[in-house]
Structures are given as C-alpha cells and as structure tokens.
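Bear in mind the structure is a predicted one, so any value in this text is a computation, not a measurement.
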Amino acid sequence: MNQKEHYVHEEEKNMRLDVLCAQICPNLSRQYLKELIVDGDIQVDFANKKPAYRLKADERIVIKIPDPVPCQVMPESIDLDIVYEDGDVIVVNKPSGMVVHPASGTQSGTLVNALMAHTKDLSGINGVNRPGIVHRIDKDTSGILVVAKNDLAHRHLARQLAEHSMVRQYVALVKGNIVENSGTVDMPVGRHPVDRVRMAVVENGKSAVTHFEVIERLGDFTYVAFRLETGRTHQIRVHMQAIGHPIAGDPVYGGDKHLPFKTDGQLLHARELGFIHPRTKAFMRFEASLPEIFQKVLNQLRGSLKR
C-alpha cells in the first residue's frame, strides 16, 4: 500500500476534500478517490470525512492507496462493433441489452468482458471492474462510447467530460407530439425519494441540462435529437418523462405502455461522439448508425402515416 501525506495550505482551505485529493494524486480519477474517502482510506486529522468536506488550513490529509487487485473479470469472445481504434482509444458502438461493466448481479457478457478479450491495453484508473471505461450508457441504450487504452488517454478524456467539452448527441423516439421545434430542459436530477433504483427531478438534485431538437413528427410519437450539457444518470430519460414525453419502450420511466410496435427497451441511441484526441490533440467526431429495431420502428410509423 502506498501512502501520501499533505498539509492543507492557506490557499487550499475551503476546497472540497475530493477535489484537493485529485490535485495531489493526478494519476487517479476523482471517482476512485471518492471511493477511497468513503472506505476510510483517506482521512483528515485521523478522522473519516465525506468527499464534499470543506478543508481547513493546516489539516493533515493521509491518502492510503491500496495495492492493485488482480483483475477478476474474465475475457469473453464477444463480437464488438468497433468504429475506430488506435494506440490510445477505442470507439465502440454498444448494442442495446449489453451492460458496460461488471457489477452486482452482472459478471459476464459485459462490454468490459468483450474488451478484455479484444486487447490487453486498457487503462486502470477506474479500477479492476471498469478497465478502460471513461463514461457509460445504460444497458438498454445503444450507441457510441470511447474507451481509454492507457491512463494518459483516460485522464484527458475524463477532463473533457468534466468540462463538458466532449460532444455527445443522442436520438430517441418519444411518446406524444412535441409542439416546439427545439428547446432546453433545465431540471436538477437526483435519486428518487422513494424508489432508490430510479432517478427523478428533485429540488436538491444535481444540475442537469438537456437540449433537444425535433427531427420528425410521427403521429403519436416524435423522433428527437438531444445534446447533453451535463451527464447525469438517466438524464434524458428522466427529463423527457418530466415534460410528459417519455422515451418509447422505457420500462422504468413510463414509456412502455400501449405501443403499436415491439421493442426490446427504450428507443434511445447515442448517435454521435466528439472529443479531442489525447495524444494528437486533433478533434475527432464519430457516428453510430441506428440499430435495426430502431430503424424498423421509424419505418413502420412512417408507413402508417401514408395510409
């Protein structure tokens, strides 16, 4: 186990504990440092604190970094739709129904299992269960995401996510007819006060901003493009439910009732991703085509309008 000590300088007082720890340990992700704080591996004056704790001058921070744990995730030969790959990043089009990384109840069949069979080069910043994973999309959401093959790439990509400079555009089919051609949903998102598995618009939630633009009106449904300004869990799904237009096929947020077509989950697709390459510094943009079932539903609705 490695250990670091740091005394809070005068100019560092009032900083959040997790923020200062990220400056002290730039090679570790802020999420991993938060986990160390919660687990008691990071203490302030020999006491456990919360990640959001505001520091005081001259307080002593002790950071204990556990030795690496051998990866328990098994490589699995699963076909991947790789859009782009080089020595630093992999851009992959994830199918609906695939979980991004192992977690409680899901230890196999994930994107990480497939990636580990594809390459031995994945960043270790997010721990042994999430090698290479910079950001996620939901199990039943299809589309494009970028994976880091080394820690340098991971840090650069994570910084772009934090600064909201990474371009992420989604498309979805929502229930109902949206009157406006475009608009913005600016509502805070947090854990549902009763059902802790779900997210909801809550007064004390984190800031969440979703921009939308209507692509096509299809009778009782609307085909919509979204651009995320923030990246909260289930953000688009929660925001669309909140304004009365849940995503078609979404079983959690009210979009799976009375549909004139079959679907395997919410019709939400991460269509475009743009980022500055961590090594070349060139801006790169990628697009993932719609899944077959999504395109089939659109064609079915278009056909119904022509009758």
Side-chain angles (χ1 to χ4, degrees), residues 94 96-97 136-144 164 167-195 197-273 287-307:
K94 185 191 81 69
S96 174
R136 295 173 292 176
I137 53 179
D138 298 336
K139 173 186 175 182
D140 291 327
T141 298
S142 58
I144 202 161
H164 311 306
V167 177
R168 290 175 295 160
Q169 295 184 347
Y170 291 71
V171 291
L173 186 71
V174 305
K175 298 181 74 172
N177 200 288
I178 298 178
V179 177
E180 303 89 349
N181 289 329
S182 62
T184 298
V185 183
D186 186 350
M187 298 178 180
V189 170
R191 287 287 170 193
H192 193 284
V194 177
D195 185 352
V197 175
R198 298 171 57 200
M199 307 299 286
V201 171
V202 291
E203 186 175 348
N204 62 343
K206 293 182 178 179
S207 171
V209 181
T210 304
H211 304 284
F212 69 85
E213 183 175 349
V214 170
I215 301 173
E216 189 175 3
R217 294 181 177 88
L218 297 165
D220 295 330
F221 298 87
T222 308
Y223 183 30
V224 190
F226 300 94
R227 180 174 61 83
L228 292 182
E229 197 169 302
T230 54
R232 308 306 176 200
T233 301
H234 300 177
Q235 178 174 316
I236 295 175
R237 299 164 66 189
V238 171
H239 273 172
M240 296 316 291
Q241 181 194 43
I243 66 172
H245 296 285
I247 294 172
D250 190 337
V252 177
Y253 298 102
D256 63 339
K257 308 296 184 185
H258 312 298
L259 298 176
F261 48 78
K262 293 183 178 180
T263 177
D264 294 330
Q266 63 263 13
L267 292 177
L268 176 62
H269 177 66
R271 183 176 65 179
E272 293 186 36
L273 181 70
E287 184 170 336
S289 57
L290 282 177
E292 183 178 350
I293 191 168
F294 198 148
Q295 189 63 60
K296 183 178 180 180
V297 169
L298 293 179
N299 292 340
Q300 179 181 331
L301 293 173
R302 289 165 183 152
S304 298
L305 293 177
K306 293 177 182 178
R307 294 174 187 168

Spacing of [atom1] belonging to [X] relative to [atom2] belonging to [Y], to within rounding of 0.5 Å:
X      : Y      : atom1 : atom2 : result
Arg271 : Leu290 : CZ    : CG    : 7.5 Å
Ser182 : Arg227 : OG    : CZ    : 11.0 Å
Leu218 : Tyr223 : CG    : OH    : 9.5 Å
Leu268 : Met240 : CG    : CE    : 10.5 Å
Phe294 : Asp264 : CZ    : CG    : 13.0 Å
Leu298 : Phe221 : CG    : CZ    : 11.0 Å

Nearest non-hydrogen partners of [X] and [Y], listed with the distance:
X      : Y      : value
Ala270 : Ala288 : O-CB, 4.2 Å
Ser142 : His269 : OG-ND1, 2.8 Å
Gly254 : Pro246 : O-CG, 3.6 Å
Gly219 : Asn177 : O-ND2, 3.3 Å
His192 : Ala200 : CD2-CB, 3.8 Å

Just by distance, do the side chain of [X] and the backbone of [Y] share a donor-acceptor pair under 3.5 Å?
X      : Y      : result
Gln300 : Pro260 : yes
Lys94  : Thr141 : yes
Ser96  : Asp140 : yes
Thr222 : Ile178 : yes
Lys175 : His258 : no

Taking the side chain as every heavy atom from C-beta outward, state whether [X] and [Y] have any atom pair closer than 4.5 Å.
X      : Y      : answer
Leu273 : Arg168 : yes
Leu173 : Thr263 : no
Arg191 : Met199 : yes

So for atom [atom1], which belongs to [X], do other residues, nucleotides or ligands contribute more than 12 heavy atoms lying within a distance under 6.0 Å?
X      : atom1 : result
Glu272 : CD    : yes
Asp220 : CG    : no
Arg136 : CZ    : no

Results of side-chain contact (heavy atoms from CB on, under 4.5 Å) for Pro251 - residues two or more places apart only: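 Expected list: Asp256, Gln266.
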Which side-chain N or O atoms in residues 228-239 pair as donor and acceptor under 3.5 Å with protein atoms at least two apart or in another chain?
residue	atom	partner	partner atom	Å
Glu229	OE1	His211	NE2	2.6
Thr230	OG1	Val209	N	2.9
Thr230	OG1	Gln235	OE1	2.8
Thr230	OG1	Gln235	NE2	3.3
Arg232	NE	Ser207	O	2.7
Arg232	NH2	Ser207	O	3.1
His234	ND1	Tyr253	OH	2.7
Gln235	OE1	Arg232	N	3.0
Gln235	NE2	Val209	O	2.9
Gln235	NE2	Thr210	OG1	2.8
Gln235	NE2	Thr230	O	3.4
Arg237	NE	Asp250	OD2	2.8
Arg237	NH1	Asp138	OD2	2.8
Arg237	NH2	Asp250	OD1	2.9
His239	ND1	Thr210	OG1	2.8
His239	NE2	Met187	O	2.9

Audit row: Leu267, Phe261, side-chain contact (heavy atoms from CB on, under 4.5 Å) steps and yes/no: CA-CA 11 Å; Leu267 292 177; Phe261 48 78; 4.0 Å; yes
Single hit among Thr184, Val174, Asn181, Val185 for side-chain contact (heavy atoms from CB on, under 4.5 Å) with Phe212: Val185
